[in-house]
Amino acid sequence: MDAVTRLEHECAQAWPALVEERLGDWRMRAAGGFTGRANSTLTCGDPGVDVRVALRRAAGFAERHGIQPTAHVVIGSKADAAIAEHGWVVNLDHPGGAESLVMTGPLSPGPQDGARIDDEPSPGWWELTTGANVPNAAQRHVLSSSSGVGYGVLERDGQVVAAVRGAVVGDLLHVARLAVRPSHRRQGLAAGLLRTLYAWAAAQGATRQALQVAEHNIAAIRLYEMLGCAEHHRYRYWIPC
């Protein structure tokens, strides 16, 4: 298994869909439309059948679960080279953006006043990261059903003003759902909360981190670069024409 495929599957393990079926090495995933990663077929590795057949099965899986047929395709992969030949196109209208970076880097722990990592997500964490104090079933499953997950929060005057999710898979920390209230941005809170998360993850055995970020989110990319991360590879979402 090459490094990109291995990393994509580690990230998928950290982000469990509500329903998942394997097709060879491919992962067909559905979660009621909550996030692209949990509602697409990860096309890394060998599906065990012809690509045309694999895409037809992926589309059937999506239709059975009431979501748009979508393929999560690493740029430059075998699937990327083959999928355009079978009537699929890049989804330029995807809400998260047509193209995303996967960034990796070391952990750089450090303290941040007021930051902590909880074992369970609080109402304030849910509200800031999803916009809902009470999450729906898909959100709850994707974000809180797996083990090795920590919920970072930073409070000011009793209100959660920054939040993040970290999931440890082996020695990898998967970082997601980083959010800071507009009123508290540009104060270094995101970096401080992440360093607190790194310390928590290191205690769980993590030695490296990975995250996914849309190519248009320049502010987030610069933040992670400042913390030692660099682009590992990119992926796009494809849909049938």
Side-chain angles (χ1 to χ4, degrees), residues 11 14-15 31-39 91-105 107-144 149-167 173-201 209-231 234-237:
C11 291
W15 199 255
F34 177 64
T35 77
R37 281 172 280 157
N39 291 274
N91 185 4
L92 299 177
D93 296 324
H94 189 274
E99 189 169 312
S100 293
L101 287 69
V102 178
M103 303 182 73
T104 59
L107 303 181
S108 51
Q112 168 65 50
D113 290 344
R116 68 177 189 274
I117 309 301
D118 294 335
D119 293 332
E120 299 288 339
S122 66
W125 187 93
W126 283 117
E127 185 273 325
L128 186 55
T129 60
T130 69
N133 292 86
V134 180
N136 61 37
Q139 292 170 331
R140 185 173 295 280
H141 183 88
V142 172
L143 298 176
S144 65
V149 178
Y151 305 90
V153 294
L154 197 158
E155 295 182 347
R156 292 287 185 270
D157 299 321
Q159 181 186 47
V160 175
V161 298
V164 69
R165 177 187 186 269
L173 168 66
H174 179 263
V175 179
R177 308 307 285 188
L178 177 65
V180 179
R181 291 194 187 279
S183 58
H184 288 76
R185 291 174 184 168
R186 297 180 180 84
Q187 299 178 28
L189 300 185
L193 181 58
L194 285 167
R195 291 192 175 100
T196 301
L197 181 68
Y198 298 158
W200 169 86
Q209 67 171 311
L211 59 113
Q212 291 110 324
V213 57
E215 65 172 347
H216 65 259
N217 193 348
I218 302 302
I221 292 170
R222 296 291 176 262
L223 169 64
Y224 286 109
E225 287 177 338
M226 186 260 299
L227 291 168
C229 292
E231 181 178 332
R234 296 188 180 206
Y235 65 88
R236 298 181 291 191
Y237 291 113

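Between Gly152 and Leu193, the shortest heavy-atom distance links the atoms C-CD1, 3.9 Å. In plain terms, the two heavy atoms of Ala115 and Thr196 that are nearest each other are CB-OG1, 3.6 Å. Considering every non-hydrogen atom in both Asn39 and Ala31, the closest pair reads OD1-N, 2.7 Å. Here the shortest heavy-atom pairing between Leu223 and Ala190 reads CD2-CB, 3.9 Å. Nearest heavy-atom pair across Arg156 and Gly114 is NH1-CA, 4.4 Å. The two atoms that bring Val153 and Trp125 nearest to each other are CG1-CD1, 3.6 Å, heavy atoms only.
Among residue pairs with one or both ends in residues 189-200, none qualify as salt bridge (charged side-chain N to carboxylate O under 4.0 Å, His left out); sequence neighbours excluded.
In this structure, the salt bridge (Lys or Arg N to Asp or Glu O under 4.0 Å) partners of Arg116, at least two apart in sequence or on a different chain, are Asp118, Glu155. Residues satisfying the side-chain hydrogen bond (donor to acceptor under 3.5 Å, both in side chains) test with Trp15, not counting sequence neighbours, are Thr35. With sequence neighbours left out, Glu225 forms a side-chain hydrogen bond (donor to acceptor under 3.5 Å, both in side chains) with Arg222. Judged as a side-chain hydrogen bond (donor to acceptor under 3.5 Å, both in side chains), and not counting sequence neighbours, Thr129 has no contacts.
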Open item on the list: Go through it in stages, so that I can follow the logic: the residues are Gln209 and Tyr198, the test is side chain to side chain donor-acceptor pair (under 3.5 Å), and I'd like the CA-CA distance, side-chain angles, deciding distance and then a yes or no.
Closed with: CA-CA 9 Å; Gln209 67 171 311; Tyr198 298 158; 3.0 Å; yes
Task: Full working for side chain to side chain contact (heavy atoms under 4.5 Å, CB included) between Cys229 and Thr104 - done: CA-CA 5 Å; Cys229 292; Thr104 59; over 6 Å; no
TODO: Start with the C-alpha gap between Leu107 and Leu173, add the side-chain angles, then the distance that decides, and say whether side chain to side chain contact (heavy atoms under 4.5 Å, CB included) holds.
DONE: CA-CA 9 Å; Leu107 303 181; Leu173 168 66; 4.0 Å; yes
- [ ] For the pair Leu211 and Leu178, evaluate side chain to side chain contact (heavy atoms under 4.5 Å, CB included) and give the outcome as yes or no after the intermediate values.
- [x] CA-CA 10 Å; Leu211 59 113; Leu178 177 65; over 6 Å; no
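Not a single donor-acceptor pair under 3.5 Å links the side chain of Asn133 to the backbone N or O of Glu127. With hydrogens and angles ignored, the 3.5 Å screen pairs no side-chain donor or acceptor of Arg165 with any backbone N or O of Val175. For the pair Arg181 (side chain) and Val160 (backbone), a donor-acceptor distance under 3.5 Å is present. In this structure, Gln139 contributes its side chain and Asn136 its backbone to a donor-acceptor pair below 3.5 Å. No donor-acceptor pair under 3.5 Å is formed between the side chain of Asp119 and the backbone N or O of Gly150. Judged by distance alone, with hydrogens and angles left aside, the side-chain atoms of Asn91 form no donor-acceptor pair with the main-chain N or O of Tyr237 at under 3.5 Å.
Here the OG1 atom belonging to Thr130 is positioned 6.5 Å from the CZ atom belonging to Phe34, to the nearest 0.5 angstrom. Going from atom CD1 of Ile117 over to atom CG of Leu197 covers 4.5 Å, rounded to the nearest 0.5 Å. In this structure, Ser100 OG and His94 NE2 are separated by 8.0 Å, a value rounded to the nearest 0.5 Å.
Residues Tyr235 and Val102 have side chains in contact (heavy-atom distance under 4.5 Å, counting atoms from C-beta outward). Contact of the Ser144 side chain with the Trp126 side chain is registered, since non-hydrogen atoms from C-beta on lie closer than 4.5 Å. Between Leu154 and Val164, every side-chain heavy-atom pair lies at or beyond the 4.5 Å cut-off. With contacts defined as side-chain heavy-atom distances shorter than 4.5 Å, the pair Tyr224/Leu101 does not qualify.
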Donor-acceptor list for residues 212-221 side chains, cut-off 3.5 Å, not counting sequence neighbours:
unit_1	atom_1	unit_2	atom_2	d
Gln212	OE1	Arg37	NH1	2.9
Gln212	OE1	His174	NE2	2.7
Glu215	OE1	Arg234	NH1	3.2
Asn217	OD1	Ala220	N	3.3

